[in-house]
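Accompanying notes for the structure given below.
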Amino acid sequence: MSSLIVDKCYYTQLALQTLLQHNGLKKKEILSLTDISSLQECCNTQTPEIIFVNEECFLQDSTEGERLRRIINAHPDTLFFIFISKENLNYQNYIPIRNNIIILSKSIRTEIVDRLLEHNLNQKRLQEEQEPLDLTPVSLSRTESDILKMWMSGLDTVVISRQLNIKEKTVSSHKGNIKRKVKIHNKQAIYHIVKLTDTLTTGVYINRSRAYLEAANSLERANLAG
């Protein structure tokens, strides 16, 4: 069992090392890195159980983003935690976008990260009185997906209503559902999550059925193998 941390901040590395050790990993099983190239080299020789990556290490470089995406596809059994580093987004939660990808705020409460780690590393130690974590990948209906794209492109409720030929109240209701599903109420934060999701994988799932999610996962792996 091993874990990798890709972050240029020493204090973040130290905090994550402490959490991982608290959840049973030994110090020698935790490796801290500063860039995606180093991550790829490590993943060529080992299969870590958990990998933490700060978005600053890849989001502004399309080459590094594509490299990380290939790493994620090549390691479907590894859990990737992707940290949002922008503090002005006012986002302090986590959102699973795939079975092995969780996006979370760098300012998220430590106890939540600890529970996420405990859930994945030491499931037998989970306390029964704790409320189960919802790690189902977020997915949208076809209409919600269409509205999200139009909304993120700058169109307001009135224009979206006209183009989709539905009531403004219905558009507003769909927007509310989108915010609830992604656990975000800030438009800028939603846009950032969508951008990250598009970089890391094929975008936000459409259709919430379990069968669809499983089929989409299988398709992504088949595309990689092909």
Side-chain angles (χ1 to χ4, degrees), residues 53-56 58-62 64-66 68-70 72-73 76 79-108 112 116 133-221 223:
V53 183
N54 187 326
E55 66 172 5
E56 291 181 344
F58 67 89
L59 197 56
Q60 301 305 320
D61 187 328
S62 60
E64 294 296 88
E66 180 58 32
L68 176 58
R69 183 168 175 165
R70 289 198 301 268
I72 292 173
N73 285 335
L79 178 60
F80 290 80
F81 287 103
I82 309 299
F83 277 117
I84 295 176
S85 57
K86 289 188 175 183
E87 297 181 356
N88 63 343
L89 293 181
N90 192 29
Y91 176 62
Q92 299 181 347
N93 213 325
Y94 70 91
I95 173 173
I97 62 169
R98 288 295 187 274
N99 290 329
N100 70 327
I101 307 174
I102 297 178
I103 294 176
L104 65 167
S105 168
K106 200 169 185 180
S107 59
I108 194 172
I112 297 180
L116 289 168
L133 293 173
D134 181 10
L135 297 179
T136 305
V138 65
S139 61
L140 305 176
S141 69
R142 176 67 63 180
T143 301
E144 288 168 347
S145 178
D146 291 340
I147 288 176
L148 177 61
K149 292 175 183 177
M150 299 170 75
W151 186 21
M152 293 299 102
S153 69
L155 302 183
D156 60 23
T157 298
V158 175
V159 176
I160 295 174
S161 170
R162 291 173 180 169
Q163 291 196 11
L164 294 181
N165 195 27
I166 57 178
K167 296 181 179 179
E168 293 178 21
K169 185 176 181 180
T170 302
V171 174
S172 297
S173 178
H174 281 303
K175 284 184 177 181
N177 288 336
I178 292 170
K179 292 176 181 179
R180 174 180 56 80
K181 288 181 177 181
V182 299
K183 307 176 186 178
I184 309 169
H185 293 280
N186 181 296
K187 179 182 177 182
Q188 185 180 7
I190 294 174
Y191 179 84
H192 196 77
I193 292 291
V194 170
K195 181 180 180 181
L196 270 174
T197 304
D198 288 341
T199 299
L200 298 169
T201 185
T202 54
V204 179
Y205 277 138
I206 301 173
N207 188 325
R208 198 169 179 77
S209 70
R210 181 176 297 275
Y212 179 90
L213 298 182
E214 293 176 351
N217 267 330
S218 297
L219 180 59
E220 287 185 4
R221 295 177 186 178
N223 288 338

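Remember, it's a predicted structure, so these values are computed and weren't measured experimentally. Hydrogens, waters and symmetry mates play no part in the numbers below; they use all other heavy atoms, side chains included. Numbers here simply count residues along the sequence, with the first being 1.
- Here Ser139 contributes atom OG and Ile97 contributes atom CD1; the two are 12.5 Å apart, rounded to the nearest 0.5 Å.
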> So Glu144 and Lys181, side-chain contact (heavy atoms from CB on, under 4.5 Å) or not? Walk me through it.
Replying inline: CA-CA 11 Å; Glu144 288 168 347; Lys181 288 181 177 181; 2.7 Å; yes
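- Pairing each heavy atom of Thr199 with each of Arg69, the nearest pair is O-CD, 3.4 Å.
- With 3.5 Å as the limit, one finds a donor-acceptor pair spanning the side chains of Ser105 and Ser107.
- At a threshold of 4.5 Å between non-hydrogen side-chain atoms, the residues Asn99 and Pro137 count as touching.
- Checked by atom type and distance alone, the side chain of Ser145 never pairs as donor or acceptor with a backbone atom of Arg142 at under 3.5 Å.
- Among Gln60, His192, Lys195, the single residue meeting the side-chain hydrogen bond (donor to acceptor under 3.5 Å, both in side chains) criterion with Glu55 is His192.
- Around NZ of Lys187, the count of heavy atoms belonging to other residues, nucleotides or ligands within 6.0 Å exceeds 12.
- One distance of note links NZ of Lys179 with CG of Asn177; it measures 11.0 Å at 0.5 Å rounding.
- Of all heavy-atom pairs between Ser161 and Glu168, the closest is OG-N, 3.4 Å.
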> Given the rule in the side chain to side chain donor-acceptor pair (under 3.5 Å) test, do Arg98 and Thr202 qualify, once you have shown the distances and angles that lead to the verdict?
Replying inline: CA-CA 10 Å; Arg98 288 295 187 274; Thr202 54; 2.8 Å; yes
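- Residues Thr201 and Ile72 are not in side-chain contact: their nearest non-hydrogen atoms beyond the backbone lie 4.5 Å or more apart.
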> Are Leu196 and Phe58 close enough, and set up right, to give a side-chain contact (heavy atoms from CB on, under 4.5 Å), and what steps lead you there?
Replying inline: CA-CA 10 Å; Leu196 270 174; Phe58 67 89; 3.6 Å; yes
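- Atom CD1 of residue Ile95 and atom CD1 of residue Ile184 lie 5.5 Å apart, to the nearest 0.5 angstrom.
- The 12-atom threshold is exceeded at NZ of Lys183, counting heavy atoms of other residues, nucleotides or ligands nearer than 6.0 Å.
- Here the closest heavy-atom approach between residue Leu68 and residue Ile82 is recorded as CD2-CD1, 4.4 Å.
- A pairwise comparison of heavy atoms in Leu135 and Tyr94 identifies CD2-CE1, 3.8 Å as the closest pair.
- Here the CG atom belonging to Asp156 is positioned 8.5 Å from the CZ atom belonging to Arg162, to the nearest 0.5 angstrom.
- Between Ile147 and the options Thr170, Thr157, Ile160, Leu140, a side-chain contact (heavy atoms from CB on, under 4.5 Å) holds for only Ile160.
- Minimum interatomic distance between Ile108 and Gln92 (heavy atoms only, all atoms of both residues): CG1-O, 3.8 Å.
- Considering CZ of Phe80 and CD1 of Ile102, their distance stands at 12.0 Å, rounded to 0.5 Å.
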> Passes side-chain contact (heavy atoms from CB on, under 4.5 Å), Ile190 versus Trp151? Steps please.
Replying inline: CA-CA 10 Å; Ile190 294 174; Trp151 186 21; 3.9 Å; yes
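- To the nearest 0.5 Å, the span separating CG on Asp198 from CE on Met152 amounts to 11.5 Å.
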> Passes side-chain contact (heavy atoms from CB on, under 4.5 Å), Val204 versus Ile193? Steps please.
Replying inline: CA-CA 9 Å; Val204 179; Ile193 292 291; 5.9 Å; no
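- Between Ile84 and Tyr91, the shortest heavy-atom distance links the atoms CD1-CD2, 4.0 Å.
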